[in-house]
K.L.:
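Can you keep this structure in mind? I'll have questions shortly.
Source: prediction; values computed, not measured. In the text below, chain A, chain B and the rest are named by the order of the sequence lines, each starting its count at 1.
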Amino acid sequence: MERKIRVRFAPSPTGPLHIGGVRTALYNYLFVKKFGGDFILRIEDTDQARFVPGAEEYIIESLNWCGIKFDEGIHIGGQYAPYRQSERKEIYRQYADQLIENGSAYYAFDSAEELDAKRKEYESQKQTFQYSSANRSSMNNSLTLKDSEIKQKISNGGLYAIRLKIPENKTIEVNDLIRGKVMVNSSQLDDKVLFKSDGFPTYHLANVVDDFLMKVTHVIRGEEWLPSAPLHVLLYTYLGWENEMPQFAHLPLLLKPDGNGKLSKRDGDRLGFPVFPLTWTDPKTNEISSGYRESGYFPEAVVNMLALLGWNPGTEKELFSMEELIQAFSFDRVGKSGSRFDPEKAKWFNHQYLLKKSNEEIANLFAKILEEKGINSDYSYILKVCNLVKERVNLVSELWAQSSFFFEAPKIFDEKTVKDKWKENSAQFVAEVKEIINNASGFSAALLKESVSEYVRQKQLGMGQVMNALR
RNA sequence: GGCCCGUUCGUCUAGCUGGCCCAGGACACCAGGUUUUCAUCCUGUAAAUCAGGGGUUCGAAUCCCCUACGGGCUACCA
């Protein structure tokens with residue numbers, strides 16, 4: 001009787017996947033894997049005007065980088081294929097027709113200009129136009145027109161949309177795993193377009209139909225969908241699917257590190273931290289947005305940080321592997337309020353993972369950076385350098401700034417320091433100490449310290465005078 | 001404007017079935033120690049009258065109401 005848990009991540013290919021989207025995908029993944037269910041990647045590309053080439057590949061690569069794996073989807077297929085809504089176009093129409101037949105939807109012939117005019121008219125009176133039970137009888141639709149007129153309009157190839165006929169003054173209940181019961185009066189909803197005049201369904205119809213057809217049991221998505229959840233509930237009941245209706249979980253949003261509002265691409269540029277998992281170049285403007293991967297973050301750190309933004313284990317444990325997250329995750333530990341994004345904490349997480357990595361792993365990554373800089377160095381040497389400086393940095397990309405002097409002579413000196421530390425007799429000290437080091441019977445820290453200390457004693461100098469110069 | 005959701009240290013949060021909370025942890029901050037520098041690391045300090053106001057109760061961060069503030073939605077976008 002228990003249905004197999006199935007969830008889906010359903011982004012629109014309208015640009016690079018935002019870090020908030022990654023978190024939504026992650027929560028879906030953690031939840032479904034905890035119960036051994038299936039994870040579906042579905043692409044919601046019903047708005048051809050907003051389609052951005054490359055976005056789909058970007059989404060797949062990003063999630064892949066994060067270690068979020070799918071069981072079905074556009075890139076791997078599956079028994080409910082196709083998983084791209086533009087390829088399922090024919091499927092939706094029959095459900096829109098079904099709704100018209102059972103009287104819960106109708107044809108609307110109003111043009112964009114007419115609707116626009118209506119909105120302006122209402123606005124001038126400080127009101128908001130809402131296509132609903134309050135005024136649908138005065139609009140141009142199949143509820144107001146004569147049958148013959150309707151048939152004529154349709155057969156003439158005129159443009160029309162299909163709208164859902166929202167009932168008046170009914171209480172609709174949405175059960176949310178995070179927020180509990182949410183009640184909305186249907187009179188607050190407008191007669192949403194389900195099927196557009198371009199032959200594509202809108203999000204609302206396509207989403208509900210696909211979730212039903214793909215046997216999705218839990219809809220886990222951002223809070224921005226909460227207001228339309230009652231509409232979706234209505235759709236399930238009108239389509240006769242109330243028994244298969246999935247459970248909902250609306251996730252709180254990610255907010256700007258400072259100021260007001262939700263986290264956006266601009267904040268990354270403004271505050272200097274990545275908002276995207278991978279670097280993205282806008283195909284139209286060539287504008288580049290930095291990504292976590294290219295900035296030197298480890299996917300494990302990004303995943304760990306994202307998981308703890310809005311969810312917590314209820315213990316003081318902060319470092320979690322993906323496996324541990326899957327074990328620990330549950331919706332009743334997901335917060336209800338939006339979380340401010342903290343780039344500093346992201347760095348801290350990365351630092352923790354950096355310290356856990358072997359020198360080999362770090363060296364492999366660093367070797368690539370060195371190569372790009374045209375520096376060819378011995379692998380064992382790179383290994384030593386990594387061991388030396390790894391705890392000084394948060395990101396692999398910061399390694400160079402901390403260790404460049406191991407690979408090339410410094411180009412500039414800090415004037416002030418030189419002035420402070422470099423005295424007339426400094427050169428002599430350095431030369432003498434160099435002698436000592438060269439003549440030493442070995443090259444170990446303890447041995448050298450002993451020899452140099454001896455030198456300092458003999459010359460009756462201060463340790464600082466000699467060592468500062470040497471540095 | 002309307003509707004929906006939310007509100008504990010600067011930030012992420014613990015606290016959810018009321019007393020163990022004059023509120024705990026982490027990041028950041030500050031101070032001390034280690035490192036003859038810096039960073040790391042260790043220790044510690046400071047930091048929320050639990051948005052405000054009313055209730056309910058012997059007792060409320062925890063339950064109820066109001067207000068304020070924040071967020072989201074309000075397209076033939078998703």
Side-chain angles (χ1 to χ4, degrees), chain A residues 10-15 44-50 85 108 110-112 115-116 119 122-123 125-131 159-163 174 176 178-180 182-185 187-190 192-204 206-207 221-231 250 252-258 260-262 305 308-319 332-333 335-349 351-352 354-355 388-394 398 402 417 420-421 449 462-468 471:
Chain A
S12 282
T14 55
E44 313 226 321
D45 56 348
T46 54
D47 185 3
Q48 50 317 32
R50 293 213 304 158
Q85 290 184 331
D110 319 87
S111 69
L115 290 171
D116 222 44
R119 281 195 194 95
Y122 273 67
E123 211 174 301
Q125 292 168 40
K126 297 222 170 199
Q127 287 187 302
T128 309
F129 172 73
Q130 201 179 245
Y131 207 122
L159 293 179
Y160 62 88
I162 296 174
R163 304 187 95 112
V174 179
D176 188 275
I178 295 171
R179 283 151 226 283
V182 176
M183 313 274 224
V184 179
N185 186 296
S187 295
Q188 300 296 336
L189 271 34
D190 62 338
K192 274 273 173 319
V193 168
L194 300 177
F195 207 84
K196 301 183 272 186
S197 57
D198 65 0
F200 277 92
T202 58
Y203 170 84
H204 306 291
N207 186 260
R221 80 239 285 197
E223 197 183 5
E224 70 267 27
W225 293 109
L226 192 54
S228 54
L231 171 80
H250 291 94
L253 268 20
L254 256 33
L255 273 21
K256 296 179 187 299
D258 62 349
N260 298 153
K262 62 176 175 180
M305 175 229 13
L308 274 287
L309 250 191
W311 169 86
N312 77 83
T315 65
E316 276 163 19
K317 184 176 163 74
E318 289 202 275
L319 265 18
D332 45 61
R333 299 213 66 90
K336 293 177 174 64
S337 51
S339 319
R340 248 177 222 287
F341 186 80
D342 183 0
E344 286 305 317
K345 191 109 187 197
K347 282 189 189 160
W348 177 81
F349 271 111
H351 183 73
Q352 299 306 311
L354 189 75
L355 295 180
L388 238 39
V389 297
K390 71 173 180 183
E391 59 188 29
R392 309 173 78 101
V393 301
N394 291 320
E398 291 169 353
Q402 290 296 329
T417 308
D420 276 1
K421 308 292 185 195
K449 187 180 177 189
M463 189 58 119
Q465 282 175 280
V466 177
M467 291 310 289
N468 283 332
R471 278 202 192 87

K.L.:
Measuring from A/R119:CZ to A/Q127:CD, what's the distance to the nearest 0.5 Å?
P.N.:
14.5 Å

K.L.:
Output yes when a side-chain donor or acceptor of A/T315 lies under 3.5 Å from a complementary backbone atom of A/K317, and no otherwise.
P.N.:
yes

K.L.:
The side chain of A/R340 is closest to which nucleotide in this list: B/rA26, B/rA39, B/rC12?
P.N.:
B/rC12

K.L.:
Look up atom CG in A/L355 and atom CG in A/N394, then write down how far apart they are to the nearest 0.5 Å.
P.N.:
9.0 Å

K.L.:
Mind checking A/K345 for me? I need base, sugar-phosphate or nothing, with any heavy atom below 4.0 Å counting as a touch.
P.N.:
base

K.L.:
Taking atom P in both B/rC64 and B/rC16, what distance in whole Å separates the two?
P.N.:
15 Å

K.L.:
Nearest whole angstrom, please: distance from the P of B/rC27 to the CD of A/Q352.
P.N.:
8 Å

K.L.:
Rounded to whole Å, please give me the gap between CG in A/N394 and C1' in B/rA28.
P.N.:
13 Å

K.L.:
Any strand counts, and the cut-off is 3.5 Å on both contacts for Watson-Crick or G-U wobble. Which nucleotide pairs with B/rA23?
P.N.:
none

K.L.:
Check every atom of B/rG6, B/rA26, B/rC4 against the side chain of A/R179 and return the nucleotide holding the closest atom.
P.N.:
B/rG6

K.L.:
Take the protein atom CG of A/L231 and the nucleotide atom P of B/rC4, then report the distance between them rounded to whole Å.
P.N.:
16 Å

K.L.:
In Å and rounded to the nearest 0.5 Å, what is the CG to CZ distance from A/L309 to A/R340?
P.N.:
12.5 Å

K.L.:
When you measure from the side chain of A/R333 to the backbone of A/W311, do you find a donor-acceptor pair of N or O atoms at a distance under 3.5 Å?
P.N.:
no

K.L.:
Can you tell me the base-pairing partner of B/rC69? Count Watson-Crick or G-U wobble geometry only, both distances below 3.5 Å, and say none if there is no partner.
P.N.:
B/rG6

K.L.:
As an exercise, state the distance from CG of A/L354 to CZ of A/R392, rounded to the nearest 0.5 Å.
P.N.:
13.0 Å

K.L.:
On RNA chain B, compare the nucleotides closest to A/N260 and A/R392; which residue's is nearer the 5' end?
P.N.:
A/R392

K.L.:
Counting any heavy atom closer than 4.0 Å, what does A/R333 reach on the DNA or RNA strands: base, sugar-phosphate only, or nothing?
P.N.:
sugar-phosphate

K.L.:
Could you measure between the two C1' atoms, the one in B/rC5 and the one in B/rC20, and give it in whole Å?
P.N.:
33 Å

K.L.:
I need the CG-C1' distance between A/L309 and B/rC27, as an integer number of Å.
P.N.:
11 Å

K.L.:
Quick one: is A/N312 getting a side-chain N or O under 4.0 Å of the B/rU13 phosphate, OP1 or OP2?
P.N.:
no

K.L.:
Taking the P atom of each, how far is B/rG15 from B/rA28, in whole Å?
P.N.:
23 Å

K.L.:
Heavy atoms under 4.0 Å, any strand shown: does A/G310 hit a base, just sugar-phosphate, or nothing?
P.N.:
sugar-phosphate

K.L.:
Could you tell me whether A/E223 and A/K262 make a salt bridge, using a distance below 4.0 angstrom between a side-chain N and a carboxylate O?
P.N.:
no

K.L.:
Roughly how many Å is it from CD in A/E398 to C1' in B/rU40, rounded to a whole number?
P.N.:
13 Å

K.L.:
For A/E391 and A/S337, find the nucleotide of RNA chain B closest to each by heavy atoms; which residue's nucleotide sits nearer the 5' end?
P.N.:
A/S337

K.L.:
How many Å lie between CG on A/D342 and P on B/rA26, as a whole number?
P.N.:
15 Å

K.L.:
Rounded to whole Å, please give me the gap between CG in A/N185 and C1' in B/rC5.
P.N.:
17 Å

K.L.:
Protein within reach of the bases, or only the backbone? For nucleotides 72-78 of chain B, mark each nucleotide 5' to 3' as B, S or -, using heavy atoms under 4.0 Å.
P.N.:
SS--BBB

K.L.:
Using the P atom as the reference point in each nucleotide, state the distance between B/rA23 and B/rG1 in Å, no decimals.
P.N.:
38 Å

K.L.:
With C1' as the reference atom in both, quote the distance from B/rU49 to B/rG72 in angstrom, rounded to an integer.
P.N.:
31 Å

K.L.:
Looking at CZ of A/F349 and CD of A/E318, how far apart are the two atoms once the value is rounded to the nearest 0.5 Å?
P.N.:
5.0 Å

K.L.:
Mind checking if A/H250 touches a base, just sugar-phosphate, or nothing, with heavy atoms under 4.0 Å?
P.N.:
nothing

K.L.:
Provide, to the nearest angstrom, the distance between the CH2 atom belonging to A/W348 and the C1' atom belonging to B/rA39.
P.N.:
18 Å

K.L.:
Taking atom P in both B/rG25 and B/rC9, what distance in whole Å separates the two?
P.N.:
16 Å

K.L.:
Please state whether the phosphate of B/rA14, meaning OP1 or OP2, lies under 4.0 angstrom from any side-chain nitrogen or oxygen of A/T315.
P.N.:
no

K.L.:
Return the nucleotide paired to B/rC30: Watson-Crick means purine N1 to pyrimidine N3 with N6-O4 or O6-N4, wobble means G-U with N1-O2 and O6-N3, both under 3.5 Å.
P.N.:
B/rG44

K.L.:
B/rC50 and B/rU8: how far apart are their C1' atoms, nearest whole angstrom?
P.N.:
4 Å

K.L.:
Going from CD on A/Q130 to NZ on A/K192, what distance comes out if it is rounded to the nearest 0.5 angstrom?
P.N.:
7.5 Å

K.L.:
Would you mind telling me which of B/rG71, B/rC3, B/rG6 lies closest to the side-chain atoms of A/K336?
P.N.:
B/rG6

K.L.:
For B/rA60 versus B/rU56, give the span between their C1' atoms, rounded off to a whole number of Å.
P.N.:
10 Å

